[in-house]
Amino acid sequence: MTTKLLSGNDCRETFLRFFEKHGHTRVRSSSLVPLGDPTLLFTNAGMNQFKNTFLGLEQRPYTRATTSQKCVRAGGKHNDLENVGFTNRHHTFFEMLGNFSFGEYFKKEAIAFAWELVTSPDWYGVPKDRLYATIFKGEESVPRDVDAYNYWLATGVPASRIFELGIKENFWAMGDTGPCGPCSELHYDMGPAASDDGHADCKFPCDCGRYVEIWNLVFMQFNRDSGGTLNPLPKPCVDTGMGLERIAATVLNLSDPAKFSNYDSDLFQPLIRHAEELTGAKYGSGTRADASLRIIADHARASTFLISDGVLPSNEGRGYVLRKIMRRALRHAHLLKPGVAVLTEMIPQVQKLMSAAYPELGQSSQIIRIVAEEQDRFRRVLESSLEKLEDDLRPLAALAGTPQAKDAVYPGEKAFKLYDTYGLPRDFIEDSCRDLRVRFDTAGFERAMEEQRTRAKASWKGAHKQVASPVYTKLAAAFRTEPDFYFESAARDCRIEAIVTKGEAANEIKAGDEAEVVLDRTAIYAESGGQVADVGRFYDNGESLELAEVRGAYYPVAGLIAHKIVAKETLGVGDRIATVADGERRAHIKRNHTATHLMHAALRNVLGTHVKQAGSLVAPDHLRFDFSHFRNVDPAELREIEQQVNDQILSNQEISTDILPLDEALASGALAFFGDRYPESNVRVVTISDRHSSRGFYSKELCGGTHVKRTGDIGLFKLVTEQSVASGVRRVQAITGVPALEQYQTLKRIVGNLAATLNIGEDKVEARVAELSEQLAELQKKLRQEQSKAALSQVDDLAAQARTVKDVRVLSARVTGADRESLRQLVDALRQKLGSGVVVLGAADDGKVSLISGVTKDLTARLHAGKIVQALAKQVGGSGGGRPDLAEAGGKDTNSLDKAMGGVYEIVEQML
Ligand code: ATP
Ligand code: MG
């Protein structure tokens, strides 16, 4: 038995320490956003970050590793979202503890390690008679895992406790082809109290909840080819996964049999307590409130971790899943206590609980801001879509109790639309239907949902296309391209390792051919980390004969650079050539890259350390930088940022590069963009020194790009735009060096010309232009006043032109020099003058027709001003309308105005 109860944090540390003691390197969890793998929605297992290592595409400086990996299973292949809240052992976000062997130890050691860690009183101390092991029984022509069976026996597990399961449970495969192999699992008996079905005496493997899978050991020993044949791997590997929350619950259950849920552990209890306080609900009452509280606690963790890894709520892809998780939590909070702002209150608790193990969560208020915005948006959704739902349901509800009651069905398609586009939860819709005795069309809803799923899957599949040509994956197993672009823009004696045309390997290409070429080393920078690729040329080693034009370069797989070229001479595998990057273009790029680092630091100094890189482009002519920040950056802040960067340029600071282990780099204060996957060794750290700073540097970042030697090389830095790109993300663009100077020269010329035109000094231009536009506005105002005066002076003349139609005085006239406002005044004046009658005025100005019509109050029962202008407007290609006593219209056909005005008398006559 364990002597003391291990906390959740202890359980994590115990696992990692155990495997460190057995020669494993402790490796940091990778991001929940698997950037290197477009085929995966979220990181969902410890092995994800090692996928290329298992495939032999990536070398690591160790052959044994152990991790505690952040995982989310809320979309894609593994989706536990709907389970969460209703089982004791599923979460959307959880931590997977794992040990990995890359072609080193295999089943014997893996099984012995697992048994010792779980059962030894020095470690987890789980009694052996509470455990079951499973092995692969052999199925579909894949042989039974005899070795695993024997090793479990040898480790001390009685035969009666070893169970044999089939392909579905105990065989693992990376994909349709590739590495695969049998699994062994360890299950723990939580005792009869844990049975969801109230079983008092069921036997393993009953799936009532009593027996919990805690650990899965995967033995990768085959490679499945496209024909389906399993070929033994030369170096079999081990990949294991243990749910931290499940082992924590297991350890807890040993000391208290009434506790058998992951949610009872101290990884969740503080969160559930807090949710209770917020909602007034009580946990443990066995009602629906329990599930809601579990969901709130679970989803608060998932939201915090996803947002801290750079996912933002949105309507597609990862952001959509995050939004679903957040809204599910909010919906359950709403059930417990309408109106409670639960998530914003939960996030700081998650940060407090978890940031010792995951420092990237930090204390930042940025996550809370993003959550607050989503919470707010959801509240508005509820308000607006509930209204829409009620509109839909009202006519159906009216059928209840009538002979058509059976037609009171809310179509699933319509319901799904509210659910999908407005984000209105299905529960809400179903509840409302129930209340109003309207049937909810479940089948139609599910059909619409299924269609949507198929569409989503199809669009996610698009990512598969990015998988590299097999030529590259094979090549990458053997070697990597040596980057020679950090110090020079030319390198000689580069060997052609492979030529690829149309996805196929070739031995030789001729002048005029387009191809991709892999070299053992190169001076051409390949696009990465936001920095665009170099362009350049291949020469013979003497650099006298041009062999190819290089249009770009990229990494088809990690470590391998492919040059996109057009051959000028025959090139063959094995040739030794010189690579020369376009040096001037490179110099521009370097200035922009170093300036990006300076600006990143300045942004954090001026706006705060919540500023995190969200995207970056370093091109020759400009730089672009996206970062998290919640409001616009005001002009004073922009000026200060620009000033700081230029101060650093003027003090000509030195830039240095060190290659350090990741942990050391982070400990030295280097900024890392956590969305990225950094290799475990050899991270490059770019430091811009600062003699005046107590830290000794102005900026320190992990970066694989190229930089100037001293900040003075940048010359000049100028911000050009600042704008919003997404909620909580701002974008700035800037220019440096020559383009910045050119922009200055252009603006200087414009100002010079203005000054010459105005015949004043350049420093007076700004004030003078302001003065002139003020004067212009003043003059325009005066002009308008004069115009209306002139218009009003025509009142007597115009009134004299009125005719009598039947018994009504009617005046129709075209006037000049009157804008809309003076037309209105004129109509008023004429109505007064006539006392009783109809006035219609038209004017043409600047190709546009204005019409206005007024009817004195005593006649509005017989004549409608709006109808009169409507009839007129048609004749001048326009439209309009208004009140019975006053109406206006516009038109385009100035040539027809006179004719239209002449027809007014007839129109009025007809209307009378
Ligand atoms: P289950 O059948 O219980 O859903 P699984 O077969 O999906 O588990 P694996 O893919 O083998 O699990 O993952 C390895 C380990 O990760 C499991 O043994 C379990 O301890 C843990 N685990 C898996 N899914 C979850 C989840 N949704 N929440 C918490 N822990 C999980
Ligand atoms: Mg399993």
Side-chain angles (χ1 to χ4, degrees), residues 532 535 582-600 602-603 606-607 616-627 631-652 708 710-725 730-787 817 819 845-848:
V532 300
V535 300
D582 177 337
E584 201 180 322
R585 187 171 174 279
R586 165 77 74 78
H588 287 311
I589 293 173
K590 289 205 288 196
R591 286 189 200 106
N592 283 337
H593 205 150
T594 308
T596 302
H597 285 212
L598 288 174
M599 186 179 72
H600 189 182
L603 283 166
V606 174
L607 303 178
S616 151
L617 172 73
V618 180
D621 56 342
H622 77 296
L623 64 94
R624 189 178 77 206
F625 190 75
D626 295 349
F627 59 98
R631 43 177 190 80
N632 65 324
V633 188
D634 69 39
E637 290 167 331
L638 287 173
R639 250 194 325 277
E640 194 180 337
I641 290 158
E642 196 172 277
Q643 189 59 44
Q644 273 202 19
V645 174
N646 281 306
D647 285 347
Q648 291 300 315
I649 293 173
L650 288 173
S651 54
N652 204 19
V708 296
R710 302 193 76 103
T711 54
D713 299 343
I714 297 169
L716 184 60
F717 170 84
K718 183 79 191 84
L719 285 169
V720 286
T721 60
E722 191 276 340
Q723 67 192 105
S724 161
V725 280
R730 308 295 302 181
R731 166 172 295 176
V732 283
Q733 306 204 59
I735 51 179
T736 66
V738 180
L741 180 63
E742 281 171 0
Q743 192 195 59
Y744 168 74
Q745 289 164 335
T746 307
L747 291 175
K748 179 81 183 159
R749 201 188 61 238
I750 293 171
V751 175
N753 291 344
L754 277 175
T757 309
L758 296 169
N759 198 17
I760 48 172
E762 286 181 9
D763 56 338
K764 307 236 160 55
V765 167
E766 198 180 358
R768 184 82 183 115
V769 170
E771 200 178 272
L772 285 174
S773 36
E774 217 169 277
Q775 282 174 6
L776 184 62
E778 191 63 31
L779 285 173
Q780 281 168 335
K781 195 169 140 202
K782 274 210 183 108
L783 181 63
R784 273 198 303 276
Q785 287 166 351
E786 288 305 318
Q787 279 175 338
D819 62 4
D845 185 26
D846 216 11
K848 273 185 288 196

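- With respect to Arg768 and Glu771, a salt bridge is recorded, a charged nitrogen being found less than 4.0 Å from a carboxylate O.
- When every heavy atom of Thr596 is checked against every heavy atom of Ser616, the shortest pair comes out as CG2-OG, 4.3 Å.
- Between the Arg591 side chain and the Val708 main chain, no donor and acceptor come within less than 3.5 Å of each other.
- Lys782 NZ to Arg784 CZ: the interatomic distance, rounded to the nearest 0.5 Å, is 12.5 Å.
- Of all non-hydrogen atoms in Gly752 and Glu762, the two that sit nearest each other are CA-OE2, 3.5 Å.
- Within a 6.0 Å sphere centred on CD of Glu584, other residues, nucleotides and ligands contribute 12 heavy atoms or fewer.
- Side chain of Asn646 to backbone of Phe717: a donor-acceptor contact under 3.5 angstrom is found.
- Side chains of Leu617 and Val532 form a contact here, defined as non-hydrogen atoms less than 4.5 Å apart.
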Practice task
Go through the steps to decide whether Leu638 and Glu642 satisfy the test side-chain contact (heavy atoms from CB on, under 4.5 Å), and finish with yes or no.
Solution key: CA-CA 6 Å; Leu638 287 173; Glu642 196 172 277; over 6 Å; no
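- With a 6.0 Å radius and a threshold of 12 heavy atoms from other residues, nucleotides or ligands, Gln743 has its CD atom above the threshold.
- Surrounding CD of Gln775 are more than 12 heavy atoms belonging to other residues, nucleotides or ligands, all under 6.0 Å away.
- Put simply, the side chain of Leu772 reaches to within 4.5 Å of the side chain of Leu758, judged on heavy atoms.
- For the residue pair Ala755 and Gly761, the shortest heavy atom distance occurs at CB-C, 4.2 Å.
- Residues meeting the side-chain contact (heavy atoms from CB on, under 4.5 Å) test with Glu637, sequence neighbours left out: Val606, Leu607, Arg631, Val633, Asp634.
- The nearest pair of heavy atoms linking Arg730 to Ser724 is NH1-CB, 3.3 Å.
- At distances below 3.5 Å, not a single donor-acceptor pair connects side-chain atoms of Thr736 with backbone N or O atoms of Ile714.
- For the side-chain hydrogen bond (donor to acceptor under 3.5 Å, both in side chains) test, no residue two or more places apart in sequence or in another chain qualifies with Arg749.
- Remark: Glu786 CD to Leu779 CG distance equals 11.5 Å, nearest 0.5 Å.
- One finds the CD1 atom of Ile589 at 11.5 Å from the OG1 atom of Thr594 (value rounded to the nearest 0.5 Å).
- Remark: side-chain polar atoms of Asp582 are not paired, donor with acceptor, to backbone N or O of Val535 under 3.5 angstrom.
- The backbone N or O of Gln723 sits nowhere less than 3.5 Å from a side-chain atom of Arg731 that would complete a donor-acceptor pair.
- Considering only heavy atoms from C-beta on, Leu603 comes within 4.5 Å of Phe627 through its side chain.
- A 4.5 Å side-chain heavy-atom check between Lys590 and Asp713 finds every atom pair outside the cut-off.
- Using a 4.5 Å cut-off on side-chain heavy atoms (C-beta onward), Ile735 and Asp621 make no contact.
- Using bins of under 30°, 30° to 60° and over 60° for the plane-to-plane angle, the ring pair His597/His593 lands in the perpendicular bin.
- When every heavy atom of Thr711 is checked against every heavy atom of Gln648, the shortest pair comes out as OG1-O, 2.7 Å.
- Residues Val765 and Val751 come closest through the heavy atom pair CG2-O, 4.2 Å.
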